[in-house]
2 protein chains.
Amino acid sequence: MRADAQLNRDRILDAARDAFAVRGLDVPMAAIARRAGVGVATLYRRFPTRESLITEVFADQLAGCLSLVDDALADPDPWRGFCSAIEKVCAMQVIDRGFSAAFLTAFPDAIDFDKARTRAEEGFAAVVRRAQESGGLRADFDPADLALILQANAGITADSPAVALAASRRLVAYLLQAFHTNQAGSLPPPAPLALQHAIG
Amino acid sequence: MRADAQLNRDRILDAARDAFAVRGLDVPMAAIARRAGVGVATLYRRFPTRESLITEVFADQLAGCLSLVDDALADPDPWRGFCSAIEKVCAMQVIDRGFSAAFLTAFPDAIDFDKARTRAEEGFAAVVRRAQESGGLRADFDPADLALILQANAGITADSPAVALAASRRLVAYLLQAFHTNQAGSLPPPAPLALQHAIG
DNA sequence: CCAGAACTGGAGTCCCCCGTCCGCTTATGA
DNA sequence: TCATAAGCGGACGGGGGACTCCAGTTCTGG
């Protein structure tokens, strides 16, 4: 690839990251191009579909999710690992509107994106098992409850990111207290919520 | 008003109710008109703005919210009243996507809609106070947490309404357990979440 | 240095939605 | 019955976003 093309590619990625974070995933392509200081054609040549742009932009954030699961598994206290994993992913989600949408959306053609998400899900299931065996996490917590948490957390919006983050933290704190073993109440059965929700 | 005009008006209202419930608040006006079997002009003549249509469609549901608060206050067990109020409003919200959006959205010109919502908020604050005084609801529950719950619950989506309802019920059950007095943990401070979030 | 391939940006096309205008139709009540 | 006002629907202009085409520009290897 020519050097100037590479430069433009990076500029587009930066612009898209910013735009997605602030305005969500359906920001106009033209707006991204303008912000990047390139023409629309350049954007489309590099990323033929919106989807390809999205997967490229959020690839590293997704990797962050994976390492976050590893951190949770490495924590000597399984319950604390579980809590910090949820806290971190919810914080990521609420700070970056685009990441939240990308994470919760199914991309029919982005195989590796979906694969990474699946891997994150499996890792999280391990975190859950470990936390349950240690006695910190209530036994009727279902791995599908992760989707529940993420969807609920994704619903949090506010005018400023700071307020949204504070609200999210409070929600997560409530939920984590409900998830702890010392919680006696019974629950309705888990619903088969899919983490990724088809576009449309 | 002429009899046939009245009939068309009712048809439009029905069509809009259905459309909003399934596809959310930003369904094209033309789609509503088509579903109602009328021309676009008829729709616009009866409801000059989308907002006027929305407020008309959801007026009775909003009234349902108000009576729901009254029910909660009438319950001899304050804690149970609090729980059932939250359960009912969350169920309404998750079954009807449009209602959720309408409830969470500020309409600059719909004074009575906003007024009704404010009244519901005040009533709910009374429910909260009563439940706290009875010792069922933890003291650090903040009335603004209602917005938190509704936003979180609004985030729940699934392919079928039944699944969404099941998921919502489970979320609400978790949260109610966290709200109960027997819950010992500390919380981050409440965030100044506004219930109504401006359009745009 | 320069030929040519790689690259570029903006103009152009297509499509969808909004909201209005206008000529035709239909209910109404005298 | 019929004059008339109320009501009707489809066509139309405007605006915005997705995606493409092409003539001009810029990098790069020999």
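The sequence lines fix the lettering, A, B, ..., with proteins before strands; numbering per chain opens at 1. Here the structure is a predicted model, which is why all the values come from computation and not from measurement. In what follows, every heavy atom counts, from backbone to side chain, and hydrogens, waters and symmetry copies are set aside.
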| message | Heavy atoms only, 4.0 Å cut-off, all strands: where does A:Arg46 land among base, sugar-phosphate and nothing? | response | sugar-phosphate

| Can you name the residues that form a salt bridge (Lys or Arg N to Asp or Glu O under 4.0 Å) with B:Arg97, not counting sequence neighbours? | none

| Would you find a donor on one side and an acceptor on the other, under 3.5 Å apart, between the side chain of B:Gln93 and the backbone of B:Leu150? | yes

| message | If I take atom CD1 in residue A:Ile12 and atom C1' in nucleotide C:dT8, what distance separates them, rounded to the nearest angstrom? | response | 11 Å

| Partners of A:Asn8 by side-chain hydrogen bond (donor to acceptor under 3.5 Å, both in side chains), sequence neighbours excluded? | A:Arg11

| For the helix from C:dC1-D:dG30 to C:dA30-D:dT1, how many degrees between its two end axes (five pairs per end), to the nearest 10°? | 0°

| field | salt bridge (Lys or Arg N to Asp or Glu O under 4.0 Å) involving B:Arg9 - partner list, sequence neighbours excluded | value | B:Glu56

| task | Mind jotting down which residue pairs meet the ring-ring contact (aromatic ring centres under 6.0 Å, His included) criterion with at least one end in residues 140-170 of chain A? Sequence neighbours excluded, please. | result | A:Phe82-A:Phe141, A:Phe141-A:Phe179

| message | Enumerate the side-chain hydrogen bond (donor to acceptor under 3.5 Å, both in side chains) contacts for residues 125-137 of chain B, please, sequence neighbours excluded, ordered by first and then second residue. | response | none

| said: What I'd like to find out is whether the side chain of B:Phe58 reaches to under 4.5 Å of the side chain of B:Phe113, using heavy atoms alone. | reply: yes

| query | If you measure from the Lys or Arg side-chain nitrogens to the Asp or Glu carboxylate oxygens, is any gap between B:Lys115 and B:Asp112 under 4.0 Å? | reply | no

| field | Carboxylate-amine/guanidinium proximity below 4.0 Å for B:Lys88 and B:Asp71 | value | yes

| message | What does the B/S/- profile of nucleotides 18-24 of chain C look like, 5' to 3', with a 4.0 Å heavy-atom cutoff to protein? | response | SBBB---

| message | Can you list everything that forms a side-chain hydrogen bond (donor to acceptor under 3.5 Å, both in side chains) with B:Ser67? Sequence neighbours excluded, please. | response | none

| Nearest-0.5 Å distance that lies between atom CG in B:Leu68 and atom CG in B:Leu62 | 11.0 Å

| query | Does anything in residues 143-167 of chain A pair up under ring-ring contact (aromatic ring centres under 6.0 Å, His included), and if so which pairs, sequence neighbours excluded? | reply | none

| query | Between C:dT8 and A:Asn8, is there an OP1 or OP2 to side-chain N/O distance shorter than 4.0 Å? | reply | yes

Scan nucleotides 25-27 of chain C against the protein and return all N/O pairs shorter than 3.5 Å with their distances rounded to 0.1 Å.
from	atom 1	to	atom 2	distance (Å)
C:dT26	O2	B:Arg2	NH1	3.2
C:dA27	O4'	B:Arg2	NH2	3.4

| said: If the condition is salt bridge (Lys or Arg N to Asp or Glu O under 4.0 Å), which residues does B:Arg2 pass it with, not counting sequence neighbours? | reply: B:Asp4

| Span of DNA chain D in contact with chain A (heavy atoms, under 4.0 Å) | D:dG17 to D:dT28

